[in-house]
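Below, chains carry the letters A, B, ... as their sequence lines are ordered, and counting in each starts from 1.
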Amino acid sequence: MINQEIAKIFHEIAQYLEMEDVVFKPQAYEKASLNLEILPDDVEEIYKKGGIAALEKISGIGKALAKKIEEYLKTGKIKTLKELKKKTPVNIEELTAVEGLGVKRIKILYKKLGIKNLNGLEKAAKKHKIASLSGFGEKTENNILDGIKFLKRSKGRFLLGEILPNVYKIINELKKVKEVEKISEAGSIRRRKETIGDVDILIASPKPKKVIEHFVSMSGVVRIWGKGSTKASVRFKKEFDADLRVVPEKSFGSALQYFTGSKEHNIVLRKIAINKGLKLSEYGLFRGAKRIAGKTEEEIYKKLGLQWIPPEMRENQSEIETAKAHQLPKLIKLNNIKGDLHCHSHWGARLRQGFGGQAGKGKQGIENLIKTALEMGYEYVGISDHTKFLAIEHGLNEKQLTQQRKFIDKLNSRFMFHDSCFRILQGCEANIMADGSIDIKDEALAKLDFVIAGVHSQLKMSKERMTERIIKAMKNPNVDIISHITGRVIQQRDESEMDFDKILKVAKETGTILEINAHPSRLDLKDINIRKAKKMGVKMIINTDAHQPEQMYFIEYGVSQARRGWAEKKDIVNCLPVEKLLKMLK
DNA sequence: GCCGTTTTCGGCCCGACTGTTTTCAGTCG
């Protein structure tokens, strides 16, 4: 958390310096900010262990910035920012979020019109005060108003899971255009980041004009932002923006590499090119005027002396060094997954509604979960309903778990009768109480095929208590898996505070598996925690936490997140066949 | 303000588009 706080301050300082036309310093602050944001270890811990010297070891942090981090740790603020803010007291975060508005214009708006925030900006634009400023005009003013409108409705970023299905649709439609030779998503979508600003699509075509015409007239397009000869930006009815770029086929690889990013990854790649006497751009890799690569990404990475790097890893988080040493991990793939152990059947709710022995049926019932699992080509599915503490979710008690067991046994014997190896496992998602105990008796837990335990209440306790709480649950010999460990809900709820390193240590000792929850708004463990767990040799499982059968398709997002955390097939236990999986459990 | 198998000083990624200009600054990715 503290890393994020300091990262935000450095980012803001960078913007203020940019505003004042300071050269080079802004980039330095920006770089430091980004590095802090993705730093796996807490700067406070680093500082405690090694002081200023240890801080300086962080990439992008030198003497001056290390001092500023120390200042923040000691006083809770950084004077430099305060002074800069005094000079131009505006809400930079809010204003820069408006498309087309950067710090230079924000400064002018403040000096000339006293605009400090979104509200002031909107008022001034509506009164047509902006169009008359030198450097601004009618169109700029209208764009600002549009930008504000968009911002108010969409809050700027979307969950990957909200956007990706739309992107697949757009791509499928564009594939039908006969001038389209190659097509791919690019940008943060291709890197499968958990949230997405806008959609980037890349096409190879000899007739860019025709492709662009088709793109801007697609169904669902409500506004056309920009339409050049090789690119276009549009807004879709669902309130997200999409950029299309069209390049010749010989540049498709270099353009795909370039537009996939991340920015930081690309900067390093370009530097490598320069050191080799080459130049890398979206048009290709060049020696002088001669194009030596560009058609595919593979040949570009190869000519730079690197393995091809999967998009999910391209965050300049040591993937380039690893690719140079030809030691990239073989990332897990969607079709490695053999089953999903976290599926809710709503058995309890249906019991209450008087379905009795029929509780396995119905839209959300066990039989439909099985049907979906078979559709997905799984070898097993795990039924893990909530337990009694979660009365609101109709959590099951010990007796109801026994009833459910009988029902599941019956279903399994039916599969055996048909000579199928498909297996239904019975588990539960038990509740970890505030003191770390489990809401279901050990004898009942022991009878299940597996036990998931998760925190569902009192998410805001102190770091120490939360850590102890989870550790106690992991030490329970019946608890096999901890679900959505930090409790975060992306863009809605912060992570609970805990000592993750300590938790990993105990997970390793006790053989407890950590869940990568695939729900688009959870993705918990997140990428950097997955990477930490992998390093520690802690096993993980990718589960969907499906509350409806169709949500079992969320598995794709969990796999993407696992790939962002460098996870391989061997790190993820539900890549195992059922017998081996059961042996992994406590 | 950071960084270094060309450097402890002198570099810092690069191109396209927009809207405003009358040759270019600002913004974006």
Side-chain angles (χ1 to χ4, degrees), chain A residues 10 13-15 17-19 21-35 55-69 80 95-109 130-144 146-147 186-191 193 196-202 208 212 224-233 241-247 251 254-286 305 316 324:
Chain A
F10 282 176
I13 292 178
Q15 294 195 300
L17 293 172
E18 182 102 53
M19 188 184 267
D21 287 316
V22 177
V23 285
F24 300 118
K25 275 200 205 183
Q27 288 99 301
Y29 272 95
E30 206 64 73
K31 196 175 173 195
S33 169
L34 270 157
N35 285 337
L55 291 175
E56 280 183 48
K57 289 218 177 80
I58 302 168
S59 158
I61 306 287
K63 277 208 158 46
L65 293 189
K67 268 232 139 101
K68 289 196 166 65
I69 294 175
T80 312
L95 292 173
T96 49
V98 178
E99 182 84 18
L101 215 51
V103 288
K104 298 279 170 68
R105 283 175 170 169
I106 290 172
K107 186 182 177 185
I108 297 171
L109 290 169
I130 291 173
S132 55
L133 293 177
S134 88
F136 292 75
E138 272 312 304
K139 283 200 171 172
T140 309
E141 190 172 79
N142 277 329
N143 284 342
I144 286 174
D146 269 337
S188 52
I189 282 267
R190 184 158 179 251
R191 302 201 312 278
K193 274 199 75 168
I196 304 295
D198 58 15
V199 174
D200 291 296
I201 294 172
L202 183 73
I212 284 173
I224 300 166
W225 281 111
K227 205 172 87 176
S229 52
T230 60
K231 62 179 271 188
S233 306
D241 287 352
D243 288 339
L244 175 73
R245 327 241 172 184
V246 189
V247 297
S251 294
S254 47
L256 185 58
Q257 194 290 312
Y258 180 76
F259 291 117
T260 298
S262 66
K263 201 175 158 188
E264 293 67 35
H265 177 90
N266 285 356
I267 288 172
V268 178
L269 244 51
R270 283 187 178 210
K271 282 183 185 160
I272 292 176
I274 290 168
N275 284 337
K276 288 182 184 290
L278 307 172
K279 195 184 83 157
L280 178 63
S281 77
E282 57 260 55
Y283 300 108
L285 184 64
F286 295 90
N316 190 26
K324 202 171 180 180

Give [X] one of three labels, base, sugar-phosphate or nothing, depending on what nucleic acid heavy atoms sit under 4.0 Å from its own.
X	value
A:Val23	nothing
A:Leu101	sugar-phosphate
A:Lys139	sugar-phosphate
A:Asn266	nothing
A:Arg270	base
A:Lys68	sugar-phosphate
A:Lys231	sugar-phosphate
A:Leu280	nothing
A:Lys263	base

A side-chain contact here means heavy atoms from C-beta on lying under 4.5 Å apart; do [X] and [Y] qualify?
X	Y	answer
A:Leu65	A:Tyr29	yes
A:Lys231	A:Pro208	no
A:Ile106	A:Gln15	no
A:Ile108	A:Lys104	no
A:Leu55	A:Lys67	no

Side chain of [X] only, heavy atoms from C-beta on: which candidate in [options] is closest?
X	options	result
A:Lys25	B:dC17, B:dG1, B:dC28	B:dG1
A:Leu65	B:dG29, B:dC17, B:dG1	B:dG1
A:Tyr258	B:dG29, B:dG15, B:dG26	B:dG29
A:Tyr29	B:dG1, B:dC14, B:dG15	B:dG1

Does [N] have its OP1 or OP2 closer than 4.0 Å to a side-chain nitrogen or oxygen of [X]?
X	N	result
A:Lys107	B:dG26	no
A:Thr230	B:dC17	yes
A:Lys271	B:dC13	yes
A:Lys324	B:dT5	no
A:Thr140	B:dT20	yes
A:Asn275	B:dT6	no

Mate of B:dG1 where both pairing distances stay under 3.5 Å, Watson-Crick or G-U:
B:dC12
Stacking of A:Phe24 on B:dC2 base (centres under 5.5 Å, planes under 30°):
no
Is the base of B:dG15 touched by the side chain of A:Tyr283 through a donor-acceptor pair closer than 3.5 angstrom?
no
